[in-house]
Amino acid sequence: MKKYIFAELFEQFRLPLFRYLLQLTRNRELAEELLQETFYRAMVSLGVKDMLQARAWLFKVARNLYIDWTRKSKAEQRMVERVQMEYRSASDLGNPQEQLEKKNRQQELEAILAMLPERMRTILYLREIQGFTYKELSTAMNLTDSQVKITLHRARQKFRHYDQLKKGEQ
């Protein structure tokens, strides 16, 4: 009985879910992979009595899987960038002009960061440099998620403003 219900569920929602995931990912293979994982989770977790709400549940699971994949891929990209920064190629080290420009820009950014109030500076640093999540920031700073988001938004605005002023001085 349950096998028949899941086969029917799959036939009914396979195409709409695939289109939804394809629209999100813009990648056919990834959409197929997320679709497969969505139905796997339905078979494991969804009870027969939940079938009336199956559509909403399936789309919610598909969306959450996409969000998880996005977070994971961003984290992987940040890791690759960090490794690339740590292990510079010899050609990067061989150009003193580029190194001087990078060092000057880094000093400018540090000076701009120092101009921000402490709370904004800390939140911006922890989020952008250390890669803290909003939840980690709220715990570390003893703030609500809303306060973290607002403070981070304002810190980014001030940082951009000060950066524009610095560029205007030059």
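When reading the values below, keep in mind they use all heavy atoms of this one structure, side chains included, and skip hydrogens, waters and symmetry mates.
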I would like to know whether L65 and V61 meet side-chain contact (heavy atoms from CB on, under 4.5 Å); could you show each step before the answer? CA-CA 6 Å; L65 286 170; V61 168; 3.9 Å; yes
Check the pair I123 / L137 against side-chain contact (heavy atoms from CB on, under 4.5 Å), numbers first and verdict last. CA-CA 7 Å; I123 285 181; L137 284 171; 4.3 Å; yes
Give the C-alpha distance, both sets of side-chain angles, the deciding distance and a yes or no for side-chain hydrogen bond (donor to acceptor under 3.5 Å, both in side chains) between S73 and Q77. CA-CA 6 Å; S73 66; Q77 182 61 34; over 6 Å; no
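Under a 3.5 Å cut-off, the side chain of T151 and the backbone N or O of V148 do not form any donor-acceptor pair.
Rounding to the nearest 0.5 angstrom, the gap separating the OH atom in Y66 from the CG atom in L30 is 8.5 Å. Rounding to the nearest 0.5 Å places OG of S138 at 4.5 Å from CG of D145. Atom CH2 of residue W69 and atom CG of residue N64 lie 15.5 Å apart, to the nearest 0.5 angstrom. Here CZ of R55 is found 6.5 Å from CZ of F13. Values are rounded to the nearest 0.5 Å. Summarising the geometry, atom CD belonging to Q107 is positioned 12.0 Å from atom CD1 belonging to I112; distances are rounded to the nearest 0.5 Å. Here the CE atom belonging to M141 is positioned 11.5 Å from the OG1 atom belonging to T139, to the nearest 0.5 angstrom.
M43 and F39 fall within the same hydrophobic cluster, where Ile, Leu, Val, Met, Phe, Trp and Tyr residues are linked whenever their side-chain heavy atoms come under 4.5 Å apart, directly or through other members. Hydrophobic clustering, with ILVMFWY side chains joined whenever heavy atoms are under 4.5 angstrom apart, groups L109 together with L124.
A salt bridge does not link R105 with E101: none of the charged nitrogens is closer than 4.0 Å to a carboxylate oxygen.
Between A155 and M120, the closest heavy-atom pair is CB-CB, 3.6 Å. The shortest non-hydrogen separation linking A114 to R121 is O-NH1, 3.4 Å. For A31 against T25, the heavy-atom pair with the smallest separation is CB-OG1, 3.8 Å. Across every non-hydrogen atom of A62 and L17, the tightest pair is CB-CD2, 3.8 Å. Nearest heavy-atom pair, T38 versus L58, reported as atom, atom and distance to 0.1 Å: CG2-O, 3.6 Å. The minimum heavy-atom distance linking A42 with W57 is given by the pair CA-CZ3, 3.4 Å.
Annotation: cation-pi pair R127/Y134 present, NZ/CZ under 6.0 Å from the ring centroid and within 45° of its normal.
Residues H161 and Q157 bring no donor and acceptor atom of their side chains to less than 3.5 Å of each other.
By the side-chain hydrogen bond (donor to acceptor under 3.5 Å, both in side chains) test, Q12 pairs with no residue at all, sequence neighbours left out. With sequence neighbours excluded, the residues that form a side-chain hydrogen bond (donor to acceptor under 3.5 Å, both in side chains) with Y125 are Q130.
When the shell of 6.0 Å around CD of Q36 is examined, it contains 12 or fewer heavy atoms from other residues, nucleotides or ligands. Counted within 6.0 Å of CZ on R63, heavy atoms from surrounding residues, nucleotides or ligands total 12 or fewer; the atom is thus considered open. Atom CG of N104 has more than 12 neighbouring heavy atoms from other residues, nucleotides or ligands inside a 6.0 Å radius.
A 4.5 Å side-chain heavy-atom check between H153 and K149 finds every atom pair outside the cut-off. Residues L116 and Y162 have side chains in contact (heavy-atom distance under 4.5 Å, counting atoms from C-beta outward).
Screening K102, K103, E110 against Q106 for a side chain to side chain donor-acceptor pair (under 3.5 Å) leaves a single residue, E110.
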